[in-house]
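To find a chain, count down the sequence lines: A is the first, B the second, and so on, and within it residues start at 1. This one's a predicted model, so the numbers in the text were calculated from it and none came from an experiment.
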Amino acid sequence: MAFSVIGLQLVSALVSATFLFLMASGLSLIFGVCRVLNLAHGSFFMLGAFLAYSVTQVVSSSLETFWLALLLVPLATALLGALLEIVLIRRFYGANLLVQLMPMVALIYIISDFSRFVWGVSPGSVPVLGLFGTVSILDLTFPAYYFVVVLASMVVAAGLWFLITRTRWGILVRAASQDREMSAACGVNQTRLFTMVYALATGLAGLAGVLAVPISGASLEMDMTTVVNAFVVVVVGGMGSVLGSMLAAILIGLVNAFGILVLPQFEMTFVYALMALVLIVRPTGLFGRG
Amino acid sequence: MQKETEMVPSLTWLQKLAGHPLLWGLVALLLLCPPFLPQTYVVQMTDTLLFVLLAVSINLLIGYGGMISLGHAAYFAIGGYTAGVLVTQAGMPMLVGLLAGPLAAALAAAVIGLFCVRVANAYFIMLTLAFGQLVYTVVWKWRALTGGDDGLVGVAPPAILLSEIHYYYFTLVIILACLVLIHRICESPFGTTLKAIRDTPSRARSIGIDVAGFKLAAFTMAGLFAGIAGSLYVFHNRGIFPQSALWVTSTDIMLMAVLGGANHFVGPIVGAIFLKTLNFVIPRLTEYWLFFLGVVVLLIAFVMPRGLMDGYDSLRARLKRMRG
């Protein structure tokens, strides 16, 4: 009995770590390269979830459609991210933190009401969880979809690692995040690089949204709840470190999954306690620079 | 000798105030108008006054301390819920609620601030937002105490304050006193030290200023004043809902300070009145108030990113140049 509980919580910890990682790594990337706090990151997550809901509503709620949504929706949110970066966000790169916050809060408000206008207040669901079937490991049965989610995030993590450490583009990203002026002086097209980074990160947020929708559905509150959880991951892991985001996401997923067994009413208590502890010991986060 | 140095600043302070006819005009308007206004407007004015205090108190952090808090609604809600719970569940008189609410908010701010002041800039924003959402979750889930999403209802002031106009004047006196007090704090050596820390934290530290201590003190004070607004709100509104602690209340308070102009003492007052007036008018015209507000914020961010007061100042300077 105890074993099955532990196994179940482990898997759900991994699943929640997936979403946390996809969100936190994007936030980290944007902050590292573009130097803005992308407060509206959760709005792209929510849009991803709602768009996936729409795709399955319009076509059919079959597995094929879901795969289609998984492919198309992140592209759509990335495109929207690129567009917003070009017309809006980039005009505030040089401004101080306070002024940068204004377009971010405005975006959150606008996307929130836009979603309410298009999709209404009642949450949408995509019933594909059952279509994936189940997987049994050592007498424990899990929805096979959980493993799809974890696998997808592993592919993304490996892809991100390859992109950042093994490609020319990754070198440019790292150069821009370490010394923006110097990389500009060396002739790197910063404007295009920033747009691409913003698009990549918002694409990841959209992907997380699509992946989340069969489990938690799409709702109007998910934008801020998700981004706040991602903030906690970033504070614990350290800003600007993708590896830190990943390890912190797993750590927080675990703390949350097992904390819920002890204090079911206040699931986040232990996560905040962990965050407080990290802040006392290492204010820059476990893997943060400086 | 010592007496003289004590007397001089307080005199200049009074003189400074006396030299602002516009300010006195506004106060006279606030004092004289309400008896001639319909009740809805009086209720709206009381509500606006409370948010003026919230905006001015958050500006102690944003404008003077350079600490951008996105969790100020937490202290507003803690003040409100503490006062409300004491009155409804413990049967305490209103005065106890009005005293305990702000104290509880200040205590919470001191504890949360302990962690938040260790970091700066973007980290500070993320942390205050995260702690704000924690308070929201606790308020929302602790049904036995707070009533959960049904809210805490039936919080009534004593008979003499039941009429909207009486409560308006009661609020006005307290809010004005708080504003004068916050103004004194901003102009005091404490406020100046805070500005020094905001501008160059490393230099402030090197001349021996306890940077974290000053920041924590400012954070606690801002929490205290937010708690005063919260405990006044719960009696005005006859209750309080978890929504009061939600992030959107925090971003609204932040926007009031920033849209009005965070580098002015009166900026947040202007911002709060501006936003509250919009909030009074617009929802009658469209269901999509947040969308509208987002567009307004974008416009201001492009046209006068340092706020309405700054826009007013530069406009006045330009007029002066044109004339002379």
So which atom in [X] and which in [Y] form the shortest heavy-atom distance, rounded to 0.1 Å?
| X | Y | result |
| --- | --- | --- |
| B:E287 | A:R116 | O-NH2, 2.9 Å |
| B:V297 | A:M102 | CG1-O, 3.5 Å |
| B:Y123 | A:T284 | OH-O, 3.5 Å |
| B:L298 | A:A106 | CG-CB, 3.7 Å |
| B:D252 | A:Y109 | OD1-OH, 2.8 Å |
| A:S112 | B:L290 | OG-CD1, 4.2 Å |

Check each atom of [X] against the heavy atoms of chain B and say whether the ones under 4.5 Å are side chain, backbone, both or neither.
| X | answer |
| --- | --- |
| A:F117 | both |
| A:L97 | both |
| A:L39 | side chain |

Highest number of heavy-atom pairs under 4.5 Å with chain B: which of [options]?
| options | answer |
| --- | --- |
| A:F92, A:F31, A:F114 | A:F92 |
| A:V235, A:N229, A:I111 | A:V235 |
| A:L107, A:T225, A:L101 | A:L101 |
| A:L98, A:V36, A:V234 | A:L98 |

Enclosure of B:W289 CH2 (heavy-atom neighbours >12, cutoff 6.0 Å): yes

Would one find more than 12 heavy atoms of other residues, nucleotides or ligands at under 6.0 Å from atom OH of A:Y272? yes

Under 4.5 Å, counting heavy-atom pairs only, tell me which of B:F115, B:F291, B:Y288, B:F131 racks up the most with chain A. B:Y288

Among B:V258, B:V119, B:T251, B:L134, single out the residue with the greatest number of heavy-atom pairs under 4.5 Å to chain A. B:L134

side-chain contact (heavy atoms from CB on, under 4.5 Å) between B:W247 and A:V227, intermediate numbers included: CA-CA 11 Å; B:W247 60 271; A:V227 84; over 6 Å; no

Is [X] in contact with chain A via its backbone, its side chain, both, or neither, using a 4.5 Å heavy-atom distance?
| X | result |
| --- | --- |
| B:Y136 | neither |
| B:I125 | side chain |
| B:V248 | both |

Can you list the steps and then say if B:L246 with A:M224 is a side-chain contact (heavy atoms from CB on, under 4.5 Å)? CA-CA 10 Å; B:L246 195 60; A:M224 289 313 276; over 6 Å; no

Per-residue contacts, residues 57-69 of chain B versus chain A, heavy atoms under 4.5 Å: B:I62, B:I68

Name the residue from B:L70, B:L129, B:T128 that meets the side chain to side chain contact (heavy atoms under 4.5 Å, CB included) definition with A:F231. B:L129

